[in-house]
Amino acid sequence: MKLLIAIIQDEDAAKLVTSLMSEGYGVTKLATTGGFLRAGNTTLLIGVDDCKLDGAMSVIEKVCHSRKQMTSAPSQMPAGITNYTPYPIEVVVGGATVFVLNVEQLKKL
Ligand code: 2BA
């Protein structure tokens, strides 16, 4: 069994949860914050049997879209500089960042 930790954009979250649930995947949705943009995103925990891993990945790929975003995130500020004016930069926020972990056991007690 695998655990997918999928970090996605809030805009895609409702549709992805619905799509995964309708295809029989179990999903837990967490409200999270990206370290770079310091903006809200969504993290889904999806436990899947090994044989369903590719299917889950296809659903994620189909639903989640990359988007361009402008930011002047404070995390760009060089350490120790106080009078720094951040300038806007454009970043491409991915469709989904997915970690695939091996699961030793799943117990429902
Ligand atoms: P954020 O950390 O808010 O990053 C949003 C987007 O900003 C990133 O999109 C990337 O295009 C850009 N970015 C991030 N760090 C950067 C840097 N140091 N310099 C320039 N641009 C930078 P994605 O790569 O698609 O990541 C989307 C979200 O996925 C991230 O939001 C973060 O919440 C998560 N993420 C991505 N890689 C991760 C990792 N290795 N570990 C944990 N979470 C990760």
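In each ligand, atom 1 is the first atom listed, and ligand 1 is the first ligand listed. We number each residue from 1, following the sequence as shown.
- T33 places no side-chain N or O within donor-acceptor distance of the main-chain N or O of G40, the cut-off being under 3.5 Å.
- Scanning both residues, I60 and A96, for their nearest heavy atoms gives CG2-CB, 3.6 Å.
- The shortest heavy-atom contact between V27 and L20 is CG2-CB, 3.7 Å.
- In terms of heavy atoms, L3 sits closest to G47 at CD1-N, 4.2 Å.
- In this structure, ligand 1 sits under 4.0 Å from heavy atoms belonging to I7, G34, G35, F36, L37, N41, V91, V92, V93, G94, T97, F99.
- Using a 4.0 Å cut-off between charged side-chain N and carboxylate O, K29 and D10 make no salt bridge.
- When every heavy atom of S19 is checked against every heavy atom of V59, the shortest pair comes out as CB-CG1, 3.7 Å.
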